Amino acid sequence: MGDRIGGSGVSHYVVKESTGINYMLLAIQNAFGVLDSNRIPHNIVAKNVAGNYIIPVQGSGVVEEIQGIESLQKDSRVKRILQFINKGTEILPYPYFSGYPGFILRSHQSYDDCENYYKNLDKKIKITYKNNITI
């Protein structure tokens, strides 16, 4: 087990939501040398599918609007919405990286449900830009 958990707590969320195992606690115990490996279940069974939808950048320029996120707050299976950019944020064109627009963490009954939901989000979430930036 590595001492570093993936950025933004997403790895912890996916492990905890799908298996019930507190990945953050295990990583902290491991980092401080107090992890008791006998307390880690050996037959881990997922109780559901947890997913992280990374909102695609969809262009470059100054963000004018992000559509589709507000309606997700009403979905009980959406556990967290982490939005990292807002109106007025400048996004540089590829290959430069200005960061992810956000993450949508959700629980699903099956992998197919997860995949289909995220394909729907590809159509639903739209970012509009003004002043296209070229470098």
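Everything quoted here is computed from the prediction, not taken from an experiment. Only this structure's heavy atoms are used, side chains among them; waters, hydrogens and symmetry mates stay out. Start at 1 with the first residue, then count along the sequence.
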Got [X] and [Y] here, is their nearest side-chain heavy-atom distance under 4.5 Å?
X	Y	value
Leu72	Arg106	no
Ile125	Ile104	yes
Ile85	Ile66	yes
Val63	Tyr129	yes
Leu25	His12	no

Parallel, tilted or perpendicular: which describes the rings of Phe97 and Tyr100, with under 30° parallel and over 60° perpendicular? perpendicular
For residues [X] and [Y], report the shortest heavy-atom separation together with the two atoms involved.
X	Y	result
Ser60	Leu92	CB-C, 3.8 Å
Cys114	Gly51	SG-CA, 4.2 Å
Pro101	Pro56	CG-O, 3.7 Å
Gly68	Ser71	O-OG, 3.2 Å

Looking at [atom1] of [X] and [atom2] of [Y], how far apart are the two atoms once the value is rounded to the nearest 0.5 Å?
X	Y	atom1	atom2	value
Glu17	His108	CD	NE2	9.5 Å
Ile28	Phe32	CD1	CZ	7.5 Å
Lys124	Gln67	NZ	CD	11.5 Å
Leu82	Asn52	CG	CG	8.0 Å
Gln29	Ile40	CD	CD1	8.5 Å
Asp36	Asn30	CG	CG	12.0 Å

Do you reckon [X] sits in the same ILVMFWY cluster as [Y], going by side-chain contacts under 4.5 Å, direct or chained?
X	Y	result
Phe103	Tyr117	no
Val14	Ile81	no
Leu121	Tyr111	no

Heavy atoms of other groups near [X] [atom1], more than 12 under 6.0 Å:
X	atom1	result
Lys47	NZ	yes
Gln109	CD	no
Phe84	CZ	yes
Tyr94	OH	no

Centroid-centroid distance, Tyr53 to Tyr118, less than 6.0 Å: yes
Has Gln58 got a side-chain atom pairing as donor or acceptor with Ile127's backbone, closer than 3.5 angstrom? yes
Lys NZ or Arg CZ of Arg80 over Tyr13 ring: under 6.0 Å, within 45°: no
Quick check on side chain to side chain donor-acceptor pair (under 3.5 Å): which of Ser110, Ser18, Ser107 does Asn48 satisfy it with? Ser107
